[in-house]
Amino acid sequence: MCRTRGAAQIVPDVVGGQVPLGVVSATAAMAQSKAGKLRALALLNNAKLEGAEGVAPLAEALPGFDVAPRIFLLAPAGTPNDVVDKLSAAVKTVLDMPETGTAAAAQGTLRAYATPAQLGKDMADETTRWKRIITDQRIVAEGN
């Protein structure tokens, strides 16, 4: 098993040959790829990213692969609906701003808005999906 000292060390470890493969942000990977120090193999998300036009999503080679990091804005359970609605509307307003799109692209990320209901469903679906994957891996590891 390969170990690194943290996310900031992955790129130097791969460039230096200490580890054979790393998973890093698109911006870190593409900067090093364009400099000829790394070879970008695939994107983990299923959408093509600005600045990484020559790198295909891994799902093209492994159909069904979908492991994209996401950032959520969450509030405590029981937060009044009017507060949740105001926060949701504010987030949508910010995500719709052209400068947010520019900043997201510069970071190698995609901006995506989901209503609180959509987000709740997505989180429940992800929980079910990862429970199944973990259970399947335990069965394989135990030889059952």
Side-chain angles (χ1 to χ4, degrees), residues 1-15 18-34 37-144:
M1 172 168 52
C2 297
R3 295 179 189 233
T4 62
R5 295 182 298 275
Q9 191 59 41
I10 293 172
V11 171
D13 283 353
V14 175
V15 169
Q18 286 83 13
V19 295
L21 185 67
V23 177
V24 298
S25 71
T27 50
M30 293 315 297
Q32 296 300 323
S33 179
K34 288 175 183 173
K37 295 181 179 182
L38 291 178
R39 180 173 176 198
L41 300 175
L43 296 169
L44 296 184
N45 62 313
N46 290 331
K48 301 214 178 207
L49 290 177
E50 185 179 322
E53 288 82 3
V55 184
L58 190 54
E60 289 183 12
L62 298 171
F65 184 90
D66 180 18
V67 181
R70 299 174 182 142
I71 299 173
F72 303 126
L73 177 62
L74 304 173
T79 300
N81 286 339
D82 63 323
V83 173
V84 170
D85 291 343
K86 286 178 186 176
L87 286 169
S88 180
V91 167
K92 183 168 182 359
T93 297
V94 170
L95 288 175
D96 286 344
M97 293 176 175
E99 57 268 31
T100 302
T102 301
Q107 294 298 314
T109 62
L110 301 172
R111 58 186 170 155
Y113 170 78
T115 65
Q118 289 169 320
L119 179 57
K121 182 183 180 318
D122 290 349
M123 291 175 72
D125 291 348
E126 281 290 298
T127 298
T128 300
R129 178 175 176 248
W130 284 106
K131 279 183 180 177
R132 187 174 47 248
I133 290 169
I134 291 166
T135 300
D136 290 350
Q137 290 303 312
R138 284 189 191 142
I139 291 169
V140 169
E142 294 169 0
N144 295 325

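Note that the numbering runs from 1 along the sequence shown for the chain.
The shortest non-hydrogen separation linking Ala40 to Ser33 is N-OG, 3.8 Å. Among all heavy-atom pairs drawn from Ile10 and Gly22, the shortest one is CG2-CA, 3.7 Å. Considering every non-hydrogen atom in both Val14 and Leu21, the closest pair reads CG2-C, 3.8 Å. When all heavy atoms are compared, the tightest approach of Leu95 to Thr100 is CA-CG2, 4.0 Å. Of all non-hydrogen atoms in Arg129 and Gly64, the two that sit nearest each other are NH2-O, 4.3 Å. When all heavy atoms of Leu119 and Leu74 are compared, the closest pair comes out as CD2-CD2, 4.2 Å.
Listed by first and then second residue, the salt bridge (charged side-chain N to carboxylate O under 4.0 Å, His left out) pairs that reach into residues 90-107 are Lys92-Asp96, sequence neighbours excluded.
Proximity of Pro57 to Phe65: side-chain heavy atoms (C-beta onward) are nowhere separated by under 4.5 Å. The side-chain heavy atoms of Val91 and Ser88, taken from C-beta on, include no pair separated by under 4.5 Å. Counting heavy atoms from C-beta on, the side chains of Thr115 and Tyr113 come closer than 4.5 Å. Contact check for Val55 versus Met30: side-chain heavy atoms found under the 4.5 Å cut-off.
Under the 3.5 Å distance criterion, the side-chain polar atoms of Arg111 are matched with a main-chain donor or acceptor of Met97.
For the salt bridge (charged side-chain N to carboxylate O under 4.0 Å, His left out) criterion with Glu126, the lone passing option out of Lys121, Lys131, Arg70 is Arg70.
With rounding to the nearest 0.5 Å, the separation of CG in Asp122 from OG1 in Thr127 is 10.5 Å.
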